[in-house]
Every structure is written in C-alpha cells, then in structure tokens.
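Structure, as structure tokens:
Remember, it's 1-based here, ligands and their atoms both numbered in the order they're listed.
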Amino acid sequence: MQIFIDSANFKEIEQWLRQGVIDGVTTNPSIMLKDGVFDIEEGARRLCKLLRDRPVSVEVTTNDPKEMVEQARVFADWARNVVVKIPVITEDGQSCLEVINTLVREEVAVNCTAILSFNQAILATKAGATYVSIFTGRIADEGGDPSVVVRNTRQWLDAWAYPSRIIVGSIRSTMDVQNAALAGAHIVTVPPQFLTKMIDHKYTRETVRQFNQDAEKAMLQIRQGQVA
Ligand code: E4P
C-alpha cells in the first residue's frame, strides 16, 4: 500500500519525505487555501519539484466541464508528475466522465475525486481514471459504511483486472487509516497531523525511556569501576 500526504504544506511534506514514507501528494483548493498556497501554479510547480517523480494531485477550479479539460491540459504541462483531479460530477450533478475520458486519451493522469459510492467508482474506472478517490470521512458523515465501499471497489477492480488505483481520502482519524488499509485501499492519503499520531505511542516512549535509563545506569557502573 502507498501513503500519500494530503497537504500543501511544504515544511510538513519535506519532513515526511525525509522519513521515507511518502509516495505522493494530494491537494484540493481547500487544502491549498488552508496551507496558504494562493497561487495554484506556483504551489503546484514547487510541490512537483519537491516530489521529483512522485505524483502530485492538483484539482481543477471550475464547475464547467469544457473549462475543466482546458485547465487540466494547462496543469499537465506544469510538470510530468502532475495528476489532475476531476470531480466525478459537477456541483449540479452533471457527469464529468467525458472530461476524464478525454484527458486519459491524451495521456493526462487523472484522479477522479469526491467519490462517495461504489457505483461512482465503477463509472470513473470505466471512463479510464488513473486513480479513484473514495472520500471515506464524507461517506461516514452521511451514515454510510466507508469500508464496504472501499472493499467492494477493490474486489471489483481485481476481479476485472482494471488498472485504476483506489486512493482513500477524507481521513478524519488514525483508525480511518487502518480501516482503509484493511479494506483494500491501494493508497491512503493522510493529513500530516494523523501521520504524527500514527507514529506516536505513550507506552513506546516509556519503553524507550526505560532502556535509555538502564543504559545510563550500566555506563555509570563502568565509570565507577564496578564492573569486573
Ligand atoms: C483528498 O484527495 C481529498 O481532497 C481530501 O482528503 C478531502 O478531505 P475532506 O473530506 O476532509 O475535505
């Protein structure tokens, strides 16, 4: 399973890249805004450089399918590792599958985003999306069981050998990461604050403290000449 970081915060991304656990980045306009990246082109180019050959998802900022295609072509020219995020439908419920299919035929990598059902994942895959982003937190917001959607999608992709990869996004807790991993996500995109929580454990701290204290005691005994 791959781990992407769901962020546009350069410092945090660099920090997690150095630890060797990050396979890509996902952003959306809300994340960019929150992380102070107001110029999408400048931010995306910088992120793509930082990530080298790892994928960086950048979302279109229009609700018009024709403009989505135009924007996506521009984004794709910024760097080789740009992946263009296209919502599965517009805010009015219009299908974006044609947009996805047009771009994929032009060899633009597409992350079909805001997927909240197995049916949407099926159609996005059929249209050729490179990635299908299932928003598990938002599925749960609506009273749905996100693990069922992820598991069904993964079983169906495997059964028919489709190449689309599931990204689980909308992570709201560290438990969501584990659930996504076990349900069959190819990729989980994790906000930095949950990566920090995933690595930590108070009893691990205590365990390490105990070992360090005993190592110090042993060194003291050597220094005091108490070792034969
Ligand atoms: C990732 O690709 C998504 O844009 C992101 O995880 C959405 O998260 P949210 O549902 O918390 O906005």
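The backbone N or O of Ala8 lies less than 3.5 Å from a partner atom in the side chain of Asp35, making a donor-acceptor pair. With hydrogens and angles disregarded, a donor-acceptor distance shorter than 3.5 Å links the side chain of Thr136 to the backbone of Gly169.
Cluster annotation: Ile31 is not connected to Leu47 through the hydrophobic network of ILVMFWY side chains, with a link wherever side-chain heavy atoms come within less than 4.5 Å.
In the vicinity of Thr26, heavy-atom distances shorter than 4.0 Å reach the ligand 1 atoms 2 (O). Applying the 4.0 Å criterion to heavy atoms of Gly169 picks out, from ligand 1, the atoms 6 (O).
When each of Val58, Val60, Ile167, Asn28 is checked for a side-chain contact (heavy atoms from CB on, under 4.5 Å) with Lys85, only Asn28 meets the rule.
The protein non-hydrogen atom at the shortest distance from atom 8 (O) of ligand 1 is Ser170 CA, 3.4 Å. Given atom 5 (C) of ligand 1, the protein heavy atom at minimum distance is Asp6 OD2, 3.2 Å. What sits closest to atom 3 (C) of ligand 1 on the protein, heavy atoms only, is Phe135 CZ, 3.4 Å.
For Thr113, no nitrogen or oxygen atom sits less than 3.5 Å from a nitrogen or oxygen atom of ligand 1, counting backbone and side chain alike. Any N or O atom pair closer than 3.5 Å counts here, and Asn28 shares at least one such pair with ligand 1. On a distance-only criterion, Thr27 and ligand 1 share no N/O pair closer than 3.5 Å.
Side-chain contact of Ser133 with Asn111: a donor-acceptor pair under 3.5 Å is present, judged by distance alone.
Using cut-offs of 30° and 60° for the angle between ring planes, the Phe118 and Trp156 rings count as perpendicular.
The CZ atom of Phe4 sits 9.5 Å away from the CD1 atom of Ile22 when rounded to the nearest 0.5 Å.
Among Lys85, Arg172, Arg138, Glu59, the residue whose heavy atom lies nearest to atom 12 (O) of ligand 1 is Arg138.
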